[in-house]
Amino acid sequence: MEDLGKLIQTRIDKIKTIREMGINPFPYNYTVTDFSRDIIDNFDEYSRNNVEPKTVSVAGRIMAVRLMGKAAFCSIHDKKGNIQLYVAQKNIGDSLYEMFKHLDIGDIIGVGGIVKKTQVGEITVYADSLTLLTKNIRPLPIVKEKDGEVFDAFSDKELRYRNRHLDLLVTHGVKETFEKRIKIIKTVKRILDGKDFLEVETPVLLPIYGGANAAPFTTHHNSLDMMLYLRISLEPYLKRLIVGGIDRVYEIGKCFRNEGMDRTHNPEFTMLELYQAYADYNDMMTLTEELFETSCIEIHGTTEIEFDGHKIDLKRPWRRLKMVDAIKEYAQIDVESLSDDEMKVLIKKKGGEIKGAFIRGLAINEIFELYVEEKMIQPVFITHQPLETTPLCKVDYEDERYLQRFELFINGHEYANAYSESNDPVFQRKTLYEQSLRRDVDAEVSPMDENFVQAIETGMPPTGGLGIGIDRMVMLLTGERSIRDVLLFPTMKPDK
RNA sequence: GGGAAAGUAGCUCAGUAGGUAGAGCACCGCCCUUUUAAGGCGAUGGUCGCCGGUUCGAAUCCGGCCUCUCUCACCA
């Protein structure tokens with residue numbers, strides 16, 4: 001008899017009862033002048049300077065009720081935390097107290113009263129007025145806590161992700177993680193804005209995609225009757241803006257990749273990409289260090305963090321290491337002296353593969369990923385990737401087999417990718433065309449983007465470009481191990 | 001895509017080497033004016049993820065499916 005429907009019906013009946021008392025269970029507004037955390041934090045100082053107790057007006061959601069006949073303690077949750085209320089019949093009157101007894105955990109109330117400490121010393125609002133602001137009809141998960149130990153935590157991850165509104169209300173630390181996320185993004189924006197980067201918005205729906213190797217999502221525009229792609233990176237349009245004379249430009253936005261999902265991959269994710277004219281990949285390294293170090297200090301007050309059991313220090317400057325030297329140091333392999341066949345053996349031994357024809361540069365990159373990547377715990381810029389790894393980057397003038405590129409690795413994972421951007425239009429057209437020919441063996445290679453090449457042909461100044469996966473940066477700085485815990489609404493299959 | 005674990009009351013979880021289920025909290029009733037995992041007394045509440053099979057009988061055994069978690073693979 002008492003399934004969820006009955007629980008809900010009971011509360012719907014209460015709405016009727018409350019209305020019959022002449023009370024609107026869904027009024028229009030309430031004047032809130034005080035918040036839980038402030039009341040508690042300011043209590044001692046206020047008490048020192050005043051004889052009369054402070055009068056406050058608070059509003060929040062009822063999270064616990066301890067009813068004792070003619071009086072009750074209850075805890076309400078507002079945007080700054082929790083505070084205890086003391087609701088006594090003799091203080092708020094018989095009729096209001098009768099209404100109060102019909103309230104449930106999950107209801108939202110406004111309370112006016114004075115702030116005092118209880119016998120056991122808890123700072124409490126002694127209610128002299130109480131207003132029902134919203135009646136809840138769907139029961140909340142009940143999470144209890146004593147001495148910092150949590151009981152009956154709302155721990156089913158599926159339910160948490162599908163019902164983030166509940167998760168935010170009852171799971172300790174969830175709201176804080178998302179507040180940190182926004183703080184990190186604001187810090188990044190503040191740094192870039194301070195360096196005169198212009199923040200822009202570029203299209204998400206595109207007739208052609210590029211800037212990375214990834215399978216795109218497709219959609220259809222009805223009135224144009226054409227296929228459109230969701231962007232897989234921000235690069236092609238930001239570079240057009242560099243050509244257009246916006247010398248420092250960035251975007252923080254969603255990109256979409258139609259690939260597998262796991263602890264570090266969600267189909268939609270947030271990228272930072274920035275481009276700076278007249279700069280190169282060395283400038284991008286300096287900037288990357290500043291973005292990470294400053295964000296870390298903003299969150300932790302220090303450059304030292306712990307992640308996955310590793311102590312990591314983000315204090316700049318960070319080590320810079322050429323890819324082939326990293327392979328030498330961490331895998332004792334001198335890739336440049338190996339024959340093609342020897343490289344194939346090394347890749348096969350670790351279960352790797354090369355798509356299509358064997359290309360030496362891609363094999364070196366593969367060997368790095370298989371043998372070295374996971375060992376890069378402290379922040380390190382791995383530089384000079386083989387030129388075949390991307391057609392959008394300039395080769396190094398000292399050794400044209402390698403690129404002026406870096407990837408930032410921390411804790412064995414890639415966090416940033418940057419180039420001295422390719423701006424030789426003849427080279428660009430050739431490499432993009434040649435790469436597009438590989439589409440028959442590698443479905444993730446982008447098609448040729450003629451308009452983009454024409455933009456480069458117009459003349460793009462020497463430019464440094466940088467991309468950072470914001471979700472992973474947030475994971476690193478919040479200690480979360482799953483990307484789903486730093487996304488408010490991670491992608492889920494439909495609930496059956 | 002592979003492997004492992006899981007899905008039982010609104011929430012958190014027990015359980016039974018096959019005989020249609022239990023606890024705590026929540027909810028409902030009663031008592032209680034300083035509680036804080038409040039307490040006391042009482043009551044209600046479940047197609048035990050879905051579909052099929054075996055069986056006199058399935059929540060339990062078998063098969064398939066769905067969802068989620070972890071993990072491996074894939075992934076600039």
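Per chain, numbering begins at 1; letters A, B, ... match sequence-line order.
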For the side chain of [X] and the base of [N], is some donor closer than 3.5 Å to an acceptor across the two?
| X | N | result |
| --- | --- | --- |
| A:E122 | B:U35 | no |
| A:Y126 | B:U34 | yes |
| A:N213 | B:A76 | yes |
| A:T124 | B:U34 | no |
| A:D262 | B:C74 | yes |

Exercise for the section: Compute whether any side-chain donor of one residue and acceptor of the other, for A:R405 and A:N417, lie under 3.5 angstrom apart. Expected result: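 Per modelled atom types, A:R405 and A:N417 side chains form a pair under 3.5 Å.
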Could you measure between the two [atom1] atoms, the one in [N] and the one in [M], and give it in whole Å?
| N | M | atom1 | answer |
| --- | --- | --- | --- |
| B:A59 | B:G52 | C1' | 16 Å |
| B:U8 | B:C13 | P | 10 Å |
| B:A37 | B:A23 | P | 24 Å |
| B:C50 | B:C68 | C1' | 15 Å |
| B:G15 | B:C48 | C1' | 11 Å |
| B:C72 | B:A14 | C1' | 33 Å |
| B:A9 | B:C27 | C1' | 11 Å |
| B:G57 | B:U20 | C1' | 9 Å |

Handout entry: A:F409: which of A:Y415, A:Y330, A:W318, A:F368 passes ring pair (Phe, Tyr, Trp, His ring centres under 6.0 Å)
Key =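 The passing option is A:F368.
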Exercise for the section: Output yes when at least one side-chain N/O atom of A:R66 is less than 4.0 Å from OP1 or OP2 of B:U35, else no. Expected result: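 False: A:R66 side-chain N/O out of range (4.0 Å or more) of B:U35 OP1/OP2.
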Problem - Side-chain N,O (A:K157) to OP1/OP2 (B:C70) below 4.0 Å - result: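 So the side chain of A:K157 is within the cut-off, an N or O lying under 4.0 Å from OP1 or OP2 of B:C70.
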Problem - Test item: A:M323 and A:I364 side chains (from C-beta on) under 4.5 Å apart, heavy atoms - result: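 A side-chain contact exists here, since the closest heavy-atom pair is under 4.5 Å.
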From the options [options], select the nucleotide whose nearest atom is closest to the side chain of [X].
| X | options | value |
| --- | --- | --- |
| A:D104 | B:U67, B:C27, B:A76 | B:C27 |
| A:E158 | B:A37, B:A26, B:C68 | B:C68 |
| A:L159 | B:U33, B:C28, B:C11 | B:C11 |
| A:R481 | B:U71, B:A26, B:U35 | B:U71 |

Problem - Atom CZ of A:F427: over 12 foreign heavy atoms under 6.0 Å - result: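 Counting neighbours around CZ of A:F427, more than 12 heavy atoms of other residues, nucleotides or ligands fall under 6.0 Å, so yes.
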Handout entry: Sugar-phosphate, base or nothing in reach of A:K70, heavy atoms under 4.0 Å
Key =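 If one applies the 4.0 Å heavy-atom cut-off, A:K70 turns out to touch a base.
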Problem - Position toward the 5' end of RNA chain B (nearest nucleotide), A:Y86 or A:P141 - result: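 First, find each residue's nearest nucleotide; the 5'-ward one identifies A:P141.
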Problem - A:D449/A:R240 salt bridge by N-O under 4.0 Å criterion - result: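 A:D449 and A:R240: salt-bridged.
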Practice task
Tell me whether the centres of the aromatic rings in A:F43 and A:Y46 are closer together than 6.0 Å.
Solution key: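 So the answer is no for these two rings.
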